[in-house]
Amino acid sequence: MNELSPQLESAEQLGRALTSHGYISSDDTAMALFLACRLEQPLLIEGPPGVGKTELAKAASALLAWPLIRLQCYEGLDESKALYEWKYGKQLLYTQVLKQQLDRVLGDSSNLREAMNRLHVLDDVFFSERFLEPRPLLSALQSDSGTVLLIDEVDKSEQEFEALLLEVLSDYQVSIPEVGTIRATSIPLVILTSNQQRELSDALKRRCVHLFIPYPDKRQEIQILRSRLPEISESLAGQIAAFVDHLRTLDLIKQPAISETLDWARALTLLHTESLDLQKVQATLNVLLKHQTDIDAIRQQLPALI
Amino acid sequence: MDQTLIEFVATLRLAGLAISTDETLTAARAVAVAGCHDRQQFRRALAATLVKRQADQPLFERCFARFFDSHAHLPSAEQAATAPPQSLSPMLQQLAAANDDQLRLLVRRAGREVGTDQIRLLTQKGQFKRRTLEQLDWTALQDAQFSTATEATAETAALSSFATRLQAATAEYVDRQYVLHGAPRSRAIQDQTLARTRIAQLDSAQLKQCKGLLRRMVQRLDRQFRRRRRRSRRGRLDVHATLRCNMATDGLLCNPQWRSRQRDRPQVFLLCDVSGSVRRHAEFMLLFILGLRDILPASRCFAFSNQLLEIAPARGEANAEAALRQALLSIGGGTTDYASALEAFDRCARGDLRRHSVIIVLGDARNNRSDPRTDLLQRCADKAGHCYWLNPENRLTWNTGDSVIEQYAASCDSVFEVGTLAQIERFCEYFLRHSLGQRPVMTN
């Protein structure tokens with residue numbers, strides 16, 4: 001990000017570059033990603049599940065030609081699984097293997113104090129970077145070229161984990177007591193996603209550029225369908241988009257998101273559908289709706305909807 | 001640009017968004033990067049850096065439209081073509097020669113110097129208008145007009161049209177400053193006064209305003225207390241997690257991990273007296289509990305006068321108010337009979353009381369000199385974790401006449417006075433803090 005690639009000249013150009021990599025974005029999305037790259041701040045994406053939050057990170061990684069490091073959050077995620085861990089086994093093994101060497105070093109010391117002094121010189125050896133097992137956050141900071149760090153579903157983690165993230169996200173550095181402070185060699189692009197299951201802490205939100213991705217409108221949905229499924233006909237794409245758009249206005253437990261629309265469209269094209277008819281829709285409804293209550297309710301209304 | 005951005009952030013804060021200084025700095029950098037030539041891109045850059053909650057987006061859009069709105073033409077702009085007389089000061093000459101946008105810019109600069117963003121009341125508009133005009137050399141212009149008043153030349157006409165134009169621009173600026181800064185402030189003062197007025201003395205217009213205020217209070221409490229549960233420090237040992245956490249100490253159990261979680265979402269049983277004088281208080285309290293449904297999911301509300309009626313849980317705010325109104329209609333007319341109400345409650349709900357249940361009774365404890373049946377309340381309070389009594393009357397009138405609050409107070413953890421909306425809010429915050437076992441987070 002330090003050398004400006006031509007895609008990052010303006011938000012419009014970034015939007016066009018995303019489209020060329022297969023991700024149809026709204027202007028808000030392009031602007032938010034543009035600001036996150038240029039201001040070197042993390043990007044927090046909120047929205048219902050399935051609207052393309054993780055896809056945006058993947059598209060950004062392809063666009064910038066940076067590797068994607070993914071950290072999936074869950075309840076109980078802590079420092080040892082997210083940040084770093086010591087290779088305890090390796091430390092023990094090396095101690096055993098180097099026992100003879102140690103004896104030689106300490107062997108000719110005359111008293112305990114001298115032995116202790118010699119040992120003090122060595123104590124940093126077993127807690128050096130060589131015995132540090134980097135987990136996603138640390139490996140993102142340590143990589144030489146830039147990376148895209150995707151912290152997925154951060155709302156599923158706990159408050160302690162959020163507090164851990166604060167140092168990493170604000171200064172792009174991490175403090176390891178035995179080794180010291182490790183600063184990022186190149187600032188990664190950090191993308192956090194959240195399904196809004198719980199309210200994130202203000203301290204975390206304050207440090208991020210915020211983006212909310214809603215369900216797409218009909219026109220955008222058609223564009224996405226035609227971009228992801230080139231073999232689909234324009235009329236079918238229009239019918240699918242209109243149908244799903246109407247479904248979203250109804251009172252369902254889980255409204256269909258763009259990922260479900262894509263799966264359904266793929267299923268319909270596999271069945272060589274030219275236009276929506278009652279039989280095929282009934283057969284494939286479980287690809288679009290994921291709750292049995294919703295499926296039953298919509299099945300009853302299908303004749304009226306098609 | 002920075003000054004304008006700071007003013008805009010100030011109006012956003014007055015409208016209710018919490019924006020820190022750090023976020024303002026980020027917004028300034030974002031605007032520098034994104035540019036301000038395109039209105040939509042400018043708006044998007046500000047939205048991405050200043051709006052951190054999805055619910056605040058409509059508020060932001062409204063403030064943005066109001067702050068950066070496109071203006072109509074100022075009056076008599078056509079006559080500005082005539083050259084200003086040389087007798088005027090340089091500033092007035094500059095103003096006279098300026099087009100609409102430049103004139104507005106100069107007026108705004110002058111307004112900032114006299115501190116127009118401090119406007120608080122509607123009645124201050126004239127004062128700030130005068131001050132801004134003073135800053136723009138208005139007295140010199142008036143003198144010039146006065147000295148040429150007797151002649152009817154083109155110069156007089158030009159001067160008077162210029163004066164009208166300047167006045168229109170200043171009036172427009174001060175009006176906008178009032179809408180952006182003064183109106184929210186005066187609304188805040190109004191809200192405060194309303195929250196401290198005794199509910200029994202509110203008239204119907206104020207009651208409607210109270211409903212809006214109540215909704216905002218409920219939202220604030222909801223945000224403060226929405227945090228996740230605390231991890232417990234006892235329970236069954238989670239062997240996997242413990243071994244994993246203690247790898248550093250080679251398996252010695254220095255840091256045990258526990259499996260169970262504390263169940264600290266209380267179940268609220270709210271009993272409200274809905275007769276006569278206490279009805280409004282009951283309505284407000286019920287709206288509070290119904291609004292905090294997300295934090296108190298299993299709450300049950302009962303209304304009583306001479307019989308007890310459970311208010312069915314409803315989805316959505318409109319349904320809750322409708323259910324409430326229905327209940328009030330059916331039993332609102334009777335005289336209060338605590339004994340029969342407590343009996344009915346004991347019968348239908350005592351079996352469901354647990355250690356994490358909280359009983360809240362709202363009433364004035366005036367039982368018309370009949371048997372208060374405090375034993376029933378004692379029985380229920382023993383089974384539940386906590387029991388609170390809310391009395392809408394003034395503390396000085398407690399235990400006078402047929403009030404038996406002292407007898408009921410013996411079974412309760414504490415008795416609170418809830419004569420005003422502010423007191424109801426304070427009670428809710430207290431009881432949420434104690435039952436959820438957390439300190440409220442300082443947000444907004």
Side-chain angles (χ1 to χ4, degrees), chain A residues 8-12 15 26-41 43-48 75-76 78-81 85-89 91-92 155-160 162 170 194 196-214 251, chain B residues 18-35 37-38 40-57 60 222-231 238 240-241 244-251 255 257 261 294 315 438 441-444:
Chain A
L8 293 180
E9 287 294 313
S10 75
E12 292 92 355
S26 66
D27 293 324
D28 289 330
T29 311
M31 172 56 82
L33 186 62
F34 172 70
L35 287 176
C37 292
R38 289 287 292 273
L39 299 177
E40 293 187 345
Q41 282 206 334
L43 174 65
L44 172 63
I45 312 178
E46 289 191 318
E75 198 175 316
D78 59 355
E79 202 176 72
S80 66
K81 296 190 201 88
E85 199 172 10
W86 293 107
K87 294 177 183 164
Y88 307 111
Q91 283 168 332
L92 275 173
D155 55 328
K156 288 208 174 63
S157 66
E158 290 164 345
Q159 265 182 290
E160 289 89 352
E162 275 186 46
S170 53
S194 159
Q196 295 179 299
Q197 267 185 10
R198 71 173 175 93
E199 186 92 6
L200 295 171
S201 74
D202 283 340
L204 187 64
K205 281 195 182 179
R206 188 174 65 69
R207 285 176 170 76
C208 305
V209 174
H210 188 263
L211 170 66
F212 176 72
I213 304 188
D251 184 23
Chain B
I19 300 178
S20 63
T21 319
D22 189 51
E23 284 163 329
T24 317
L25 288 170
T26 316
R29 283 169 57 210
V31 163
V33 160
H37 43 271
D38 184 329
Q40 292 303 319
Q41 295 289 64
F42 177 64
R43 182 183 58 80
R44 281 186 200 113
L46 285 181
T49 44
L50 293 176
V51 182
K52 298 295 165 77
R53 232 179 265 141
Q54 193 212 334
D56 291 339
Q57 258 179 350
F60 171 82
D222 190 59
R223 262 205 305 273
Q224 277 184 354
F225 288 96
R226 213 180 235 279
R227 291 275 171 257
R228 306 190 106 216
R229 314 163 181 192
R230 231 182 10 195
R231 220 189 295 204
D238 185 351
H240 289 132
R244 190 78 183 70
C245 283
N246 289 295
M247 264 174 63
T249 52
D250 203 19
N255 187 14
Q257 303 295 309
R261 306 226 146 195
D294 288 331
R315 259 193 13 195
Q438 302 165 334
V441 176
M442 286 301 139
T443 55
N444 202 3

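Residue numbers begin at 1 in each chain, while the letters A, B, ... track the order of the sequences.
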ask   = Is it the backbone or the side chain of B:V51 that comes under 4.5 Å from a heavy atom of chain A, or both, or neither?
value = backbone
Calculate, to the nearest 0.5 Å, the distance between atoms [atom1] and [atom2] belonging to [X] and [Y] respectively.
X	Y	atom1	atom2	answer
A:R206	B:I19	CZ	CD1	13.0 Å
A:H210	B:Q54	NE2	CD	8.0 Å
B:E23	A:C208	CD	SG	10.0 Å
A:L35	B:R29	CG	CZ	10.0 Å

key: Portion of A:L39 that has a non-hydrogen atom of chain B nearer than 4.5 angstrom   = both
Side chain, backbone, both or neither of A:Q91 within contact of chain B (heavy atoms, under 4.5 Å) = neither
With chain A as the partner, which of [options] has the greatest number of non-hydrogen pairs under 4.5 Å?
options	value
B:R44, B:R43, B:Q57, B:Q41	B:R44
B:L50, B:D38, B:T49, B:T26	B:T26
B:A34, B:A45, B:S20, B:A32	B:A45

key: Candidate pair B:Q40 and A:D27, rule side chain to side chain contact (heavy atoms under 4.5 Å, CB included), full reasoning   = CA-CA 9 Å; B:Q40 292 303 319; A:D27 293 324; over 6 Å; no
query = Any donor and acceptor pair, going by atom type alone, linking the side chain of B:K52 with main-chain N or O of A:R207 inside 3.5 Å?
reply = no
message = In the structure I gave you, are the side-chain heavy atoms of A:E46 and B:R53 within less than 4.5 Å of one another anywhere?
response = no
